[in-house]
Amino acid sequence: MTSKRSVREQLRGIPLFKAFCDDDHSMGLIEKAMEERQARGGQKIFSEGEAGNELWVLMHGAIEITKSTLAGESFTVAKLTDKMGVFFG
């Protein structure tokens, strides 16, 4: 999927990556390490408590972060969009 904004432009808006954005070598390494993945609406990316070893950068669209109550009911903690320059994982 091609974005109107380049990967580098998108990463420039994320504080975690901002220090590297003017260093072509570092940005090349970061971009090379990235893998684009797509999720369908309503698809769970991962669940609370699962072990993980990935950092997700929201490039297109929106996600909801949910939690479960002790009674097992789900509620939304946050809604994030690609315009917010966010990462999670």
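Both Leu58 and Ile45 are assigned to one and the same hydrophobic cluster, defined by single-linkage of ILVMFWY side chains at heavy-atom distances under 4.5 Å. When the side chains of ILVMFWY residues are joined at heavy-atom separations under 4.5 Å, either directly or via intervening members, Leu29 and Val7 end up in two distinct hydrophobic clusters. With hydrophobic clusters built from ILVMFWY side chains whose heavy atoms lie under 4.5 angstrom apart, Met84 shares a cluster with Trp56.
Side-chain contact check for Lys67 versus Phe75: some heavy-atom pair is nearer than 4.5 Å. Counting heavy atoms from C-beta outward, Leu80 and Ile65 have side chains that approach closer than 4.5 Å. The shortest distance between side-chain heavy atoms of Lys32 and Met27 does not fall below 4.5 Å.
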* I would like to know whether Asp24 and Arg8 meet side-chain contact (heavy atoms from CB on, under 4.5 Å); could you show each step before the answer? => CA-CA 10 Å; Asp24 284 336; Arg8 194 168 294 205; 2.7 Å; yes
* Does the pair Met59 and Glu36 meet the rule for a side-chain contact (heavy atoms from CB on, under 4.5 Å), with working shown? -> CA-CA 9 Å; Met59 301 295 286; Glu36 182 174 348; over 6 Å; no
* To do: Report the C-alpha separation of Val57 and Leu11 in whole Å, then their side-chain angles, then the decisive distance to 0.1 Å, and conclude whether the side-chain contact (heavy atoms from CB on, under 4.5 Å) test is met.
  => CA-CA 8 Å; Val57 177; Leu11 294 178; 4.1 Å; yes
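Under the 3.5 Å distance criterion, the side-chain polar atoms of Ser68 are left unmatched by any main-chain donor or acceptor of Gly72. No donor-acceptor pair under 3.5 Å is formed between the side chain of Thr76 and the backbone N or O of Ala78. Using modelled atom types, one side-chain atom of Gln10 and one backbone atom of Asp82 make a donor-acceptor pair closer than 3.5 Å.
Contact detail for Phe20 and Ser26: the closest heavy-atom pair is CD2-CB, 3.9 Å. Residue Ile14 comes nearest to Val86 through the heavy atom pair CD1-O, 4.0 Å, listed as atom of the first residue, atom of the second, then distance. Closest of all the heavy-atom pairs between Lys44 and Ser47 is CD-OG, 3.0 Å.
With rounding to the nearest 0.5 angstrom, the CD1 atom of Ile63 is 10.0 Å from the OG1 atom of Thr81.
Phe88 CZ: more than 12 foreign heavy atoms inside a 6.0 Å radius.
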